[in-house]
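Counting starts at 1 for both ligands and their atoms, in listed order. All values reported here derive from a predicted model rather than from experimental measurement. The chain is numbered in sequence order, starting from 1.
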Amino acid sequence: METATKENSLETSETLLNSDNYYSNESDWEYQSKTWFTKFINCEAEALAELKGDWEPNGSLTPLLVGNYLHSYFENSKAHQSFLDEHPEELFKYGNPEKGLKSDFIKANKMITALDEDEKFRALYQGNKEVPVEGELFGVKWKGKIDCLDLDRHIFLDLKTVDDIHKKHWSAEQHAYVSFAEVRGYDMQMAIYQELIKQTLGVECTPYIIAVSKQDIPDKAVLSIPDYLMDYRMKEINEKQPRIEAIKNGQEKPKRCEHCDYCRATKQLESITSIDNIEFY
Ligand SMILES: [Zn+2]
């Protein structure tokens, strides 16, 4: 249930982004975001080529669509119906709703049910959905979109789908195993959102991740994010973003990582490498 207070605070917010322009290429040039920051950290050359429209990543869109399917369901029934109407080819067998959903989305329905039938989840996941926020981090404009924001309870929630909540992931940077949340940078995302909410709406909110797994019987968890991790990630942004800005402005040349799809697709053989020096990733 939306209360009048919440609607008022959101209406008077000074956000310039809305659902029509949030994902536009123009706004990706103007604002930094967690998605694009991560792309630039992973490979500057690929990120810049994609931002310029010279390169389209060719990974599977299914995980993204499964996430959107779930998000739109918990946004409201109208949002979910428009999502179904917009993606018949991807969602339904033979692109025909009468033939039933493809297996990935039957699985997504199981994830939805696991959350929807949980009283605690339903009580927790209340507030304004898909709220765009923006602000400035260390002199650079940033944008974000909050899955579920409740200014009355001073909390915001982000829904995440994951293969297995308890799987370990190797972090080369930390030389240690970390959780899915750290390896995917969700601690950074929550730190950014917390700051942007504060700047857009003037309220300090606590972030929670609601994770639901893609296992046959979905697992679920409500996760909090320690402050030290969020502080560390904000420092990382402060350190790394000047270079990204310089690349976007054309002042610095992007470095190639030499192992992503883009780098392999545009590779020119130049030198000979000893097998002693083949790099491991
Ligand atoms: Zn690369």
Q: Kindly indicate whether a cation-pi arrangement holds for Lys160 with Tyr186, taking the cut-offs as under 6.0 Å to the six-membered ring centre and within 45° of the axis.
A: yes
Q. Is the closest side-chain heavy-atom distance between His154 and Glu204 below 4.5 Å?
A. no
Q.
For Asp104, is there an ion pair with Lys107 - N to carboxylate O distance below 4.0 angstrom?
A. no
Q) What's within reach of the Zn ion (ligand 1), meaning protein N/O/S atoms under 2.8 Å? A) Cys43 SG, Cys257 SG, Cys260 SG, Cys263 SG
**Q.** Electrostatic pair Glu119-Arg122, nearest N-O below 4.0 angstrom
**A.** no
Q. Can Asp150 and Arg153 be counted as an ion pair, charged N to O under 4.0 angstrom?
A. yes
Q | Cation-pi geometry met for Lys129 and Phe74 (6.0 Å, 45°) | A | no
